[in-house]
Amino acid sequence: GVLFYDHRGYGLSGGEPRQLVDPWQFGRDLRDVITHLSLRPEIDASRIAVWGISLGGQVALFVAGTDRRVGAVVALVPPVSGFSARKLFAPEALKRLEDAIYADRDAQMRGEPPVTLQVIGEQKPGGPPVMFTDPSGIEFTKHYNDIPSFRNELAIASLDRLFEMETPAYAERIKAPLLLVLASQDTVAPVEDARKMFEMVPGEKELLEYPGQHYGILEVWDQQDIAA
């Protein structure tokens with residue numbers, strides 16, 4: 001059996017504020033999902049695996065390092081370091097971003113709505129800020145534009161939450177078999193950090209890399225390679 005769900009605040013799931021990425025909270029939610037599954041009579045609680053892509057892969061790794069009930073973990077192109085995520089921005093852009101994050105904190109305390117930014121798209125002069133502008137990401141996002149529950153935006157406070165998370169701190173606690181799939185030219189989730197984390201995991205593990213960008217595995221992935 002497979003249980004697939006939207007993170008809280010996203011898609012068809014409830015929760016406020018909307019579009020807020022919080023890896024710590026998402027991890028706790030996933031642990032609640034494991035509890036839900038383990039109590040179902042048709043589920044073998046000793047064979048529950050967690051599987052995630054990109055941010056979901058980071059959450060899966062975090063939970064595998066904190067929950068002994070995880071029987072196996074698969075993480076595809078996960079970002080693993082909040083510190084490295086900061087380096088995706090030029091120094092001046094990072095300074096403007098942090099200023100906006102703290103201004104948003106103040107504004108929300110005054111009761112104002114959360115500030116959002118576009119996740120993927122073309123940055124236009126004078127237009128709203130865009131987090132990622134790579135062509136492959138723009139093309140990939142087109143597949144979801146017609147889905148009513150999809151919104152190509154996130155609360156700017158999400159970046160503050162993402163910068164907090166250092167998943168390698170949990171690497172040595174991952175005891176379940178691990179399959180880690182990376183993109184060798186990934187500019188969204190720095191690949192070298194994930195390689196280093198993989199080396200830190202003590203148990204049974206396998207690392208697969210494909211040549212290409214972050215979204216390539218979702219566009220043209222070879223299911224036989226992944227299954228292997």
Any carboxylate oxygen within less than 4.0 angstrom of a Lys/Arg side-chain nitrogen, looking at K175 and E204?
no
Crowding at CZ, F83 (>12 non-hydrogen neighbours, <6.0 Å):
no
Please determine whether a side-chain nitrogen of the Lys or Arg among K95 and E92 lies less than 4.0 Å from a carboxylate oxygen of the Asp or Glu.
no
Side chains of T133 and Q123 only: does a donor on one sit below 3.5 Å from an acceptor on the other?
no
Report yes or no: do T35 and R69 form a side-chain donor-acceptor pair below 3.5 Å?
yes
Please check if the number of heavy atoms outside D146 that lie under 6.0 Å from its CG is greater than 12.
no
Would the number of heavy atoms belonging to other residues, nucleotides or ligands and lying under 6.0 Å from CD of E172 be above 12?
no
For residues 166-196, which residue pairs pass the ring pair (Phe, Tyr, Trp, His ring centres under 6.0 Å) check, not counting sequence neighbours?
F62-Y170
For residues T141 and N152, is any side-chain donor paired with an opposing acceptor at under 3.5 Å?
no
Side-chain heavy atoms under 4.5 angstrom apart, residues restricted to Ile, Leu, Val, Met, Phe, Trp, Tyr: same cluster for Y102 and L162?
no
Checking Y10 side chain against Q19 main chain: does a donor-acceptor pair fall under 3.5 Å?
yes
Is it true that I174 and M200 fall in one hydrophobic cluster, defined by side-chain heavy atoms closer than 4.5 Å?
no
Is Y5 atom OH crowded by more than 12 heavy atoms from other residues, nucleotides or ligands, each under 6.0 Å away?
yes
Within the distance-only criterion (no hydrogens, no angle test), does the side chain of S149 pair as donor or acceptor with the backbone N or O of L12 below 3.5 angstrom?
no
Do R8 and D22 meet the salt-bridge criterion of a basic N to acidic O distance under 4.0 Å?
no
Is a donor on one side and an acceptor on the other found under 3.5 Å between the side chain of R18 and the backbone of G11?
yes
Presence of salt bridge, E199 and K196, under 4.0 angstrom
no
Between H214 and S54, is there a side-chain donor-acceptor contact under 3.5 Å, judged purely by atom types and distance?
yes
Flag, side chain of S158 to backbone of A155, donor-acceptor distance under 3.5 Å:
yes
Of all the heavy-atom pairs spanning A60 and V73, show the shortest one and how long it is.
O-CG2, 3.8 Å
Does atom CD of E16 have more than 12 heavy-atom neighbours, drawn from other residues, nucleotides or ligands, at distances under 6.0 Å?
yes
